Each structure stands twice: as structure tokens, then as C-alpha cells.
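Working notes, beginning with the structure itself.
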Amino acid sequence: MLDVYHAEPGANTLKVLLALKEKGVDFNSHYVALNKFEQHEEWFKKINPNGQVPVIVHDGKVINESTVINEYVDAVFEGPALRPADEYGKAMMRIWTKWVDEYFCPALSYLAWNWMIKSLVKDLTPEEFEAKLQKIPLKEQQDKWRITATEGYPEERLKEWRRQVETSVTKIDSALREHGKDWILGDQFTLADISVFAMAHPMPMGYQDIMNEEDTPHLMAWYNRMMERDGTNAALTMPNKMREEVKLDDRVDVLSKQGKE
Ligand SMILES: N[C@@H](CCC(=O)N[C@@H](CS)C(=O)NCC(=O)O)C(=O)O
């Protein structure tokens, strides 16, 4: 039996949902509402002491860390292979997934949090918010929630994250241009595509000035190929309660201006 604890199909949750849907793995879905701080409740921290999604529980065994989950899912379940068969190919794939986790994802994540957390917590009193903060197990996450809910990050840091997003977009476009093939590693669709797409998916919303047909045509063509996949469609149509409950879209212009010269 496979239980998956996840939020709406975005970022690290989307990464795992994409792999599960691409492979056609059946699972019990448990939605964890991040805007209601359910990830910091005691019942959830018993499953993942980090207080973060996604997490899977397979036959009673718990695994967190989305990139690790995806390798496990690909190794253990039937369905199309999402990793190259050879070790060198796997190494190349891991260089991409590691880069997403350590560089691309954090840059996008800090900018997105800085943009959205204020509207997420606007109905809480300072006391209520402080009580929520005290339940966050990771100091780094506490800081991230506190800063983005109050004064926000300084301009200098926003600029640096935006520079990293620009560098990332160029890197992905160049890799696709150089080999001229459909997928990040070449002919085979892999977890590298899944990791990159999980982060790039919302980019046409706030970053059209750096990710567009003219400046990054190879990235855009790959993005459109990703959007046509059945697995992508199945993952993206999972419930998105955050989008229904939290009105963020009118602030898109704020997101796209953060850290811009
Ligand atoms: N390294 C972890 C990061 C997980 C993570 O950042 N999850 C976010 C959602 S994408 C989360 O649960 N955020 C809520 C919080 O930290 O309070 C992974 O890749 O699974």
C-alpha cells in the first residue's frame, strides 16, 4: 500500500505527483493544507519530523525528500523507466536533480514565498501567527515564514535570487539547444525533466520577461512538450485547494518585479 502526503500540485509536491502519474502508480492521496499549517501539526510531524510535504509511506516505510522519493518510486514500482539504465546516465540525471534541489528550487522558492506569504497569513493576529511559528520544527523554515510574513527579504537578496533564476533559465535552454533532443538528458524522458518542470511550471506566470519564445525557444518548446504529456496533465489536475482558497493572482506583477533592476 502506498500513502502519499502532499499539498497542491506545485514545486516538490508536483515533482512526486509527476513521477507517480508517469508510472501509473496507484496511491492513497492525503492532502495537507499548507495555508492552514497542517504540515506543522503533531500528527503530521510524527510522519515527517521536518514538517514538510511531500512524504510517502510505502508498506509502513516512510520516505521524505522529493528527489529521493522519485528514485525510490522508479526503482520499486512497475511502469515506464524514469531513470537511464546505465550508471553514467543515472549520474548525469542526478547532477540535474541535485542542481534543481540546491540552486533552481531555492531561488524560485524564496522569491515565491516573499511574494505570497503575507496574503496567506493576513487573517491571523500576531499572537495567532506566533503560535503557528512555534510549531515549525526547522529553524530555517521558521525564519522563512517569519521574514516573509513581516518585512520581507532585503532587495539585495531578492536581486541575487532573481539572477539565479535567470542563470537557471539560460542553463536549461542551452542544454536543450546543444543536444537538440526532446528531453533534458537527450532522447529519454527522465526524472531530470520531472525535477526541472516541477519548478519551472508556474514560471510563465511571473517570469515571462526571461522565459519566452524569443529568448529561450528551446526551453519553451520543452515546456510545451511537458504540458502535452498525460502524466503532467494527471498531476496538474490533482486538487488545488490553495488556488481555490487563496487569492494570489492579482499580485503577479509584484512577483515579476521582485529583485528586478
Ligand atoms: N527538500 C524537501 C523540501 C520540501 C519542501 O520544501 N516542502 C514545502 C512545499 S514544496 C513545504 O512543505 N513547505 C511548508 C513549510 O515548510 O512550512 C523535498 O524536496 O521534499
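First listed ligand is number 1; within each ligand, the first listed atom is number 1. Remember, it's a predicted structure, so these values are computed and weren't measured experimentally.
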Out of curiosity, is [X] lining ligand 1, as in a heavy atom under 4.0 Å away?
X: F37; value: no
X: P54; value: yes
X: K144; value: no

Please state whether the rings of F197 and W222 are parallel, tilted or perpendicular, taking 30° and 60° as the class boundaries.
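Plane angle over 60°, so perpendicular.
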If the plane angle is over 60° it's perpendicular, under 30° parallel, otherwise tilted; pick one for Y72 and H58.
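Y72 vs H58 ring planes: perpendicular.
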If you measure from atom 7 (N) of ligand 1 to every heavy atom of I63, N12, V53, which option wins on shortest distance?
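The option holding the nearest heavy atom is V53.
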Heavy-atom distance to atom 17 (O) of ligand 1: which of H40, K132, Q141, Q52 wins?
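Checking each option, the heavy atom nearest atom 17 (O) of ligand 1 is found in H40.
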Please say whether more than 12 non-hydrogen atoms of neighbouring residues, nucleotides or ligands are located less than 6.0 Å from NZ in K61.
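Yes, the 6.0 Å shell around NZ holds more than 12 heavy atoms from other groups.
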Side chains of residues 177-187: which donor-acceptor pairs under 3.5 Å do they make with residues two or more places apart or in other chains?
from: H179; atom 1: ND1; to: K181; atom 2: N; distance (Å): 2.9
from: H179; atom 1: NE2; to: W183; atom 2: O; distance (Å): 2.9
from: H179; atom 1: NE2; to: I184; atom 2: O; distance (Å): 3.0

Side chain to side chain, W115 and L158, heavy atoms closer than 4.5 Å
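Side chain of W115 against side chain of L158, heavy atoms only: no contact under 4.5 Å found.
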So which protein heavy atom does [atom] come closest to, and at what separation?
atom: atom 13 (N) of ligand 1; answer: W113 CZ2, 4.0 Å
atom: atom 14 (C) of ligand 1; answer: Q39 NE2, 3.4 Å
atom: atom 1 (N) of ligand 1; answer: E65 OE1, 2.7 Å
atom: atom 19 (O) of ligand 1; answer: S66 OG, 2.7 Å

Which of the numbered atoms in ligand 1 are under 4.0 angstrom from any heavy atom belonging to W145?
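Ligand 1 atoms under the 4.0 Å threshold to W145: 15 (C), 17 (O).
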Could you pull out all residues at least two apart from Q142 that satisfy side chain to side chain contact (heavy atoms under 4.5 Å, CB included)?
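Only I136, R146 meet the side chain to side chain contact (heavy atoms under 4.5 Å, CB included) criterion with Q142.
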Closer than 4.0 angstrom, basic N to acidic O: yes or no for E228 and R225?
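No salt bridge links E228 with R225.
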